[in-house]
2 protein chains.
Amino acid sequence: MALRHAVLAALLDEELSGYQLAKAFDMGVANFWHALPQQLYAELAKLEKEGLVAGREVVQDTRPNKRLFRVTGDGLAELERFAALAAKPSFIRDDLLVKVQAADHLDAAELIARLTERAEFSEAKAAQFEALLKGMRGERPEGEFLRYGERIGPYLTCRRGRDFERANHDWCREVIAVLRARSA
Amino acid sequence: MALRHAVLAALLDEELSGYQLAKAFDMGVANFWHALPQQLYAELAKLEKEGLVAGREVVQDTRPNKRLFRVTGDGLAELERFAALAAKPSFIRDDLLVKVQAADHLDAAELIARLTERAEFSEAKAAQFEALLKGMRGERPEGEFLRYGERIGPYLTCRRGRDFERANHDWCREVIAVLRARSA
DNA sequence: AGCGACTACTCATATTCATGACTAGTCACT
DNA sequence: AGTGACTAGTCATGAATATGAGTAGTCGCT
């Protein structure tokens with residue numbers, strides 16, 4: 001029941017079309033949630049029907065027309081209601097951890113290959129997040145931006161995303177080192 | 001399609017009943033996956049039907065009888081097949097991040113309350129993981145255990161869980177500090 | 001004697017999430 | 001003139017996950 005709130009949160013700062021939203025929620029830039037386009041279009045339709053977002057048609061001559069959505073007063077109220085609820089704990093749920101859990105019974109070389117792939121992926125994503133962060137804070141030092149900047153919510157979640165990917169990367173490297181040492 | 005593999009991985013080192021498995025997968029000790037009892041019983045039934053795990057009845061006089069499950073040869077082969085596949089990237093998906101994303105539009109005091117709850121929860125869970133780790137490595141220094149210990153898979157995933165919770169804790173504390181500084 | 005907590009498990013249902021396929025026009029490149 | 005990539009979406013269906021409630025006996029406590 002939280003995809004709807006993720007959508008509302010994403011639309012707070014800018015008017016977006018379903019397509020643009022889908023790109024933001026795609027694995028590239030999803031710092032706080034992840035969803036496929038179909039889910040987003042469906043959720044936007046529901047949110048509009050309930051009056052939590054309002055869409056307006058934008059006619060484009062060269063490309064297909066699009067509908068831009070913004071959060072309504074009711075939508076913001078819904079977000080406030082949601083924020084007052086106790087957040088349910090979040091769990092890691094990761095294929096790769098399952099594989100490492102079984103490490104003692106599996107082929108080390110195969111595992112190292114998976115870990116290497118993931119380490120590279122995580123490093124790339126951390127760099128992406130870092131670039132986003134830099135774009136948000138501009139020339140200001142981070143402390144100043146966090147103290148006086150206008151919009152810090154997206155910055156803070158993006159930082160969590162970056163640190164998560166860094167931690168993934170470091171963990172992968174270390175597991176690789178351990179497996180290598182043992183098979184030597 | 002990975003709950004089945006998580007179950008197989010969990011049963012590799014010890015024979016467990018559905019109930020014991022459920023406890024391990026419950027929020028207490030779920031270092032690499034999370035699931036509710038009902039899902040586990042259902043999954044165990046399917047795995048047994050497919051011959052990937054084998055159950056045996058254990059008659060108990062004072063408590064209800066139970067069925068202990070172990071992984072079969074086919075089960076291990078299935079895990080090996082799974083380990084050879086590219087692991088899909090994992091995403092954070094967290095209510096609390098959604099709330100912080102909307103921080104600039106919401107009541108700071110309310111948010112700080114949620115963040116404080118989570119910081120405490122994460123700290124407690126990190127401590128739980130730490131205790132588990134200590135139990136696994138015993139008196140040995142960590143480096144030695146990782147180099148020569150018999151079963152390191154569970155240790156490595158548990159470490160990832162501990163570090164994840166520590167990172168959650170630190171992030172919560174910092175977001176709280178930022179929100180406090182701004183509302184002052 | 002009654003209450004709540006723990007072991008051990010089952011059934012039914014709802015919600016959420018992921019998958020693949022499809023339309024349809026524009027643009028850049030070769 | 002054809003290929004592939006990008007914008008902007010829609011439809012249908014299945015798999016995974018979560019929810020709530022229920023059974024049934026044991027144990028310790030007050």
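Sequence lines set the chain letters: A, B, ... in the order given, protein chains first and strands last, and positions in each chain run from 1.
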Distance in angstrom units between L36(B) CG and dA14(C) P, rounded: 18 Å
Is any NZ, NE, NH1 or NH2 atom of the basic residue among D13(A) and R70(A) found under 4.0 Å from an Asp or Glu carboxylate oxygen of the other? no
Taking the cut-offs as 6.0 angstrom to the six-membered ring centre and 45 degrees off its axis, would you call K66(A) and Y19(A) a cation-pi pair? no
Let me spell it out: for each of D61(B) and K46(B), pick the nucleotide of DNA chain D with the closest heavy atom. Which residue's pick is nearer the 5' end? K46(B)
What contact category does R93(A) fall into here, base, sugar-phosphate, or nothing, at under 4.0 angstrom with non-hydrogen atoms? sugar-phosphate
Under 3.5 Å, sequence neighbours excluded: what are the donor-acceptor pairs made by side chains of residues 134-142 of chain B?
residue: R137(B); atom: NH1; partner: Y155(B); partner atom: OH; Å: 2.8
residue: R140(B); atom: NE; partner: R137(B); partner atom: O; Å: 3.2
residue: R140(B); atom: NH1; partner: E150(B); partner atom: OE2; Å: 3.3
residue: E142(B); atom: OE1; partner: R159(B); partner atom: NH1; Å: 3.0
residue: E142(B); atom: OE2; partner: Y155(B); partner atom: OH; Å: 2.6

Verdict with supporting geometry, K99(A) and E110(A), salt bridge (Lys or Arg N to Asp or Glu O under 4.0 Å): CA-CA 10 Å; K99(A) 293 172 192 187; E110(A) 199 71 71; over 6 Å; no
Give a yes or no on whether V100(B) and L76(A) share a hydrophobic cluster (residues Ile, Leu, Val, Met, Phe, Trp, Tyr; joining criterion: side-chain heavy atoms under 4.5 Å apart). yes
Just the rounded figure in Å: distance from P of dC9(C) to CD of E48(B). 11 Å
Trace of the salt bridge (Lys or Arg N to Asp or Glu O under 4.0 Å) decision for E48(B) with R67(B): CA-CA 11 Å; E48(B) 191 178 22; R67(B) 307 200 62 222; 3.0 Å; yes
Give the rounded distance in Å between these two atoms: CG of L40(B) and P of dA16(D). 14 Å
Of L3(A) and T62(A), whose closest DNA chain C nucleotide lies nearer the 5' terminus? L3(A)
Whole-Å distance, W33(A) CH2 to dA18(C) P, equals 10 Å
Using a 4.0 Å cut-off on protein heavy atoms (strictly under), produce a 5'-to-3' string for nucleotides 3-14 of chain D with B for base contact, S for backbone-only sugar-phosphate contact, and - for none. ----BBBBB---
Go through it in stages, so that I can follow the logic: the residues are E144(B) and R147(B), the test is salt bridge (Lys or Arg N to Asp or Glu O under 4.0 Å), and I'd like the CA-CA distance, side-chain angles, deciding distance and then a yes or no. CA-CA 5 Å; E144(B) 203 186 301; R147(B) 182 72 182 79; over 6 Å; no
Side-chain donor-acceptor contact under 3.5 Å, E80(A) with H105(B): no
How many whole angstroms separate atom CD of E43(B) from atom C1' of dA15(D)? 11 Å
Closest-nucleotide mapping onto DNA chain D: is K88(A) or A2(B) further toward the 5' terminus? I mean the 5' end. A2(B)
Angle between terminal axes - the helix from dA1(C)-dT30(D) to dT30(C)-dA1(D), 5 pairs each end, rounded to 10°: 30°
Quick one: D95(A) CG to dA18(C) P, roughly how many Å, whole number? 12 Å
Distance in angstrom units between Q39(B) CD and dA14(C) C1', rounded: 13 Å
In sequence, state the C-alpha distance, the side-chain angles, and the governing distance for E50(B) and K46(B), and then conclude on salt bridge (Lys or Arg N to Asp or Glu O under 4.0 Å). CA-CA 6 Å; E50(B) 295 171 35; K46(B) 266 204 288 181; 5.8 Å; no
